[in-house]
Amino acid sequence: MNTSFHQKVKYVIKKIPRGKVATYGQIAAFAGNHRAARQVAWVLHSSSRKDKLPWHRVVNSEGRISLRPNYGYETQKELLKKEGIKFDENDRIDFKNYLWDPWMMLQ
DNA sequence: AACCTGACTTCGG
DNA sequence: TCCGAAGCCAGGT
């Protein structure tokens, strides 16, 4: 397809279902470059607002929120909790229950 | 016009 | 297993 990495990233983020999360690496891989996780972060930073992306459903590979406290961490955690996602005692999300696999939607 | 900086992850020793 | 380096690339300075 003649779709840019940037566009693919936005497309797949919009497809993350409510109550699920995906990681930067997964999204990068799905968009065609498994080592471009930082670009996924950049896409979120630059266009999550104007394109109304469910930005809060993207977390890091440890199942943790990457934003720093007082710079969005609390906001993201609150949004996820509102969707029914639970955090363990170490503030991690259990992937067994909440990780979404982008490739599932191709079926 | 270089150089730095990230909402990160994978790779190789 | 662990840890530094590499990969990624648009914006800001």
Side-chain angles (χ1 to χ4, degrees):
Chain A
M1 231 203 213
N2 192 16
T3 316
S4 71
F5 179 82
H6 185 100
Q7 289 173 312
K8 288 180 186 168
V9 168
K10 289 196 292 190
Y11 172 82
V12 67
I13 290 174
K14 285 180 186 171
K15 295 288 186 181
I16 304 174
R18 229 183 103 82
K20 293 285 182 179
V21 296
T23 70
Y24 297 90
Q26 272 184 311
I27 293 167
F30 189 85
N33 189 339
H34 74 287
R35 290 194 284 197
R38 295 191 81 170
Q39 298 336 290
V40 174
W42 184 86
V43 170
L44 286 173
H45 190 80
S46 61
S47 39
S48 60
R49 181 177 296 241
K50 77 174 164 75
D51 291 327
K52 300 189 174 77
L53 302 177
W55 59 272
H56 57 284
R57 297 181 187 141
V58 183
V59 298
N60 68 29
S61 61
E62 299 184 308
R64 290 194 171 90
I65 292 171
S66 287
L67 292 171
R68 295 170 20 230
N70 296 315
Y71 290 89
Y73 178 93
E74 295 84 356
T75 305
Q76 183 171 9
K77 188 171 181 180
E78 203 51 43
L79 286 168
L80 291 175
K81 279 179 161 180
K82 229 182 274 185
E83 298 191 349
I85 292 176
K86 302 282 194 294
F87 290 78
D88 69 14
E89 62 280 1
N90 298 313
D91 265 358
R92 291 195 315 110
I93 293 168
D94 184 0
F95 281 159
K96 280 196 157 52
N97 296 322
Y98 302 113
L99 185 65
W100 176 68
D101 179 0
W103 283 276
M104 291 273 290
M105 73 182 178
L106 295 181
Q107 293 179 2

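Below, read A as the first sequence line, B as the second, and so on, with proteins coming before strands; counting in each chain starts at 1.
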- Query: Does A/Lys15 NZ have over 12 foreign heavy atoms under 6.0 Å away?
  - Reply: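 For A/Lys15, atom NZ is not crowded (no more than 12 foreign heavy atoms under 6.0 Å).
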
- Message: Looking at A/Tyr11, I want to see if its OH is surrounded by more than 12 non-hydrogen atoms of other residues, nucleotides or ligands under 6.0 Å.
- Response: no

- Hey, where on DNA chain C does chain A first and last touch, going 5' to 3'? Cut-off is any atom under 4.0 Å from a heavy atom. C/dG7 to C/dG11

Expressed as a whole number of angstroms, how long is the span from [X]:[atom1] to [N]:[atom2]?
{"X": "A/Gln26", "N": "B/dT9", "atom1": "CD", "atom2": "P", "answer": "10 Å"}
{"X": "A/Leu80", "N": "B/dA7", "atom1": "CG", "atom2": "P", "answer": "18 Å"}
{"X": "A/Phe5", "N": "B/dC8", "atom1": "CZ", "atom2": "P", "answer": "14 Å"}

- Same-atom distance (P) from C/dC3 to B/dG6, integer angstrom: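 Between the two P atoms, the distance is 23 Å.
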
- Message: Work out how far the P atom of B/dA7 is from that of C/dC2, and round it to whole angstrom.
- Response: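 Per the computed distance, 26 Å lies between those P atoms.
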
- Tightest non-hydrogen contact, residues A/Glu83 and A/Gly19, listed as OE1-N, 2.9 Å

- What one should report as the nearest heavy-atom pair of A/Lys14 and A/Asp51 is CE-O, 3.7 Å

Near-strand residues of [range], defined as heavy-atom separation under 4.0 angstrom from DNA chain B:
{"range": "residues 66-79 of chain A", "answer": "A/Ser66, A/Leu67"}
{"range": "residues 39-46 of chain A", "answer": "A/Ala41, A/Leu44, A/His45"}
{"range": "residues 86-99 of chain A", "answer": "none"}

- When you look at A/Arg57 and A/Leu79, which way does the side-chain contact (heavy atoms from CB on, under 4.5 Å) test go after all the steps? CA-CA 9 Å; A/Arg57 297 181 187 141; A/Leu79 286 168; over 6 Å; no

Check residues 95-106 of chain A and write down every donor-acceptor pair under 3.5 Å in which the side-chain atom is one partner and the other belongs to a residue at least two apart or another chain.
| from | atom 1 | to | atom 2 | distance (Å) |
| --- | --- | --- | --- | --- |
| A/Asn97 | ND2 | A/Asp94 | OD2 | 3.2 |
| A/Tyr98 | OH | A/Lys86 | N | 3.4 |
| A/Asp101 | OD1 | A/Trp103 | N | 3.0 |

Rounded distance (nearest 0.5 Å) linking atom [atom1] of [X] with atom [atom2] of [Y]:
{"X": "A/Ile13", "Y": "A/Ser47", "atom1": "CD1", "atom2": "OG", "result": "8.0 Å"}
{"X": "A/Glu62", "Y": "A/Asp91", "atom1": "CD", "atom2": "CG", "result": "12.0 Å"}
{"X": "A/Asn33", "Y": "A/Ile27", "atom1": "CG", "atom2": "CD1", "result": "13.5 Å"}

- Message: Show, in sequence, the C-alpha distance, side-chain angles and deciding distance for A/Gln76 and A/Val59, and conclude whether the side-chain contact (heavy atoms from CB on, under 4.5 Å) test is met.
- Response: CA-CA 10 Å; A/Gln76 183 171 9; A/Val59 298; 4.1 Å; yes

- Task: Determine, stepwise, if the pair A/Lys8 / A/Phe30 fulfils side-chain contact (heavy atoms from CB on, under 4.5 Å).
- Result: CA-CA 8 Å; A/Lys8 288 180 186 168; A/Phe30 189 85; 5.9 Å; no

- Message: For a side-chain contact (heavy atoms from CB on, under 4.5 Å) check, start with the C-alpha distance between A/Lys77 and A/His56, then their side-chain angles and the critical distance, and finish with the verdict.
- Response: CA-CA 8 Å; A/Lys77 188 171 181 180; A/His56 57 284; over 6 Å; no

Please tabulate, for side-chain N and O atoms in residues 34-42 of chain A, each donor-acceptor pair with protein atoms closer than 3.5 Å (sequence neighbours left out).
none

- Message: Under 4.0 Å, counting only non-hydrogen atoms across every strand here, what does A/His34 touch: a base, just sugar-phosphate, or nothing?
- Response: sugar-phosphate

- Message: Can you tell me which nucleotide in B/dG6, B/dC11, B/dT9 comes closest to the side chain of A/Arg35?
- Response: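 The answer is B/dC11.
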
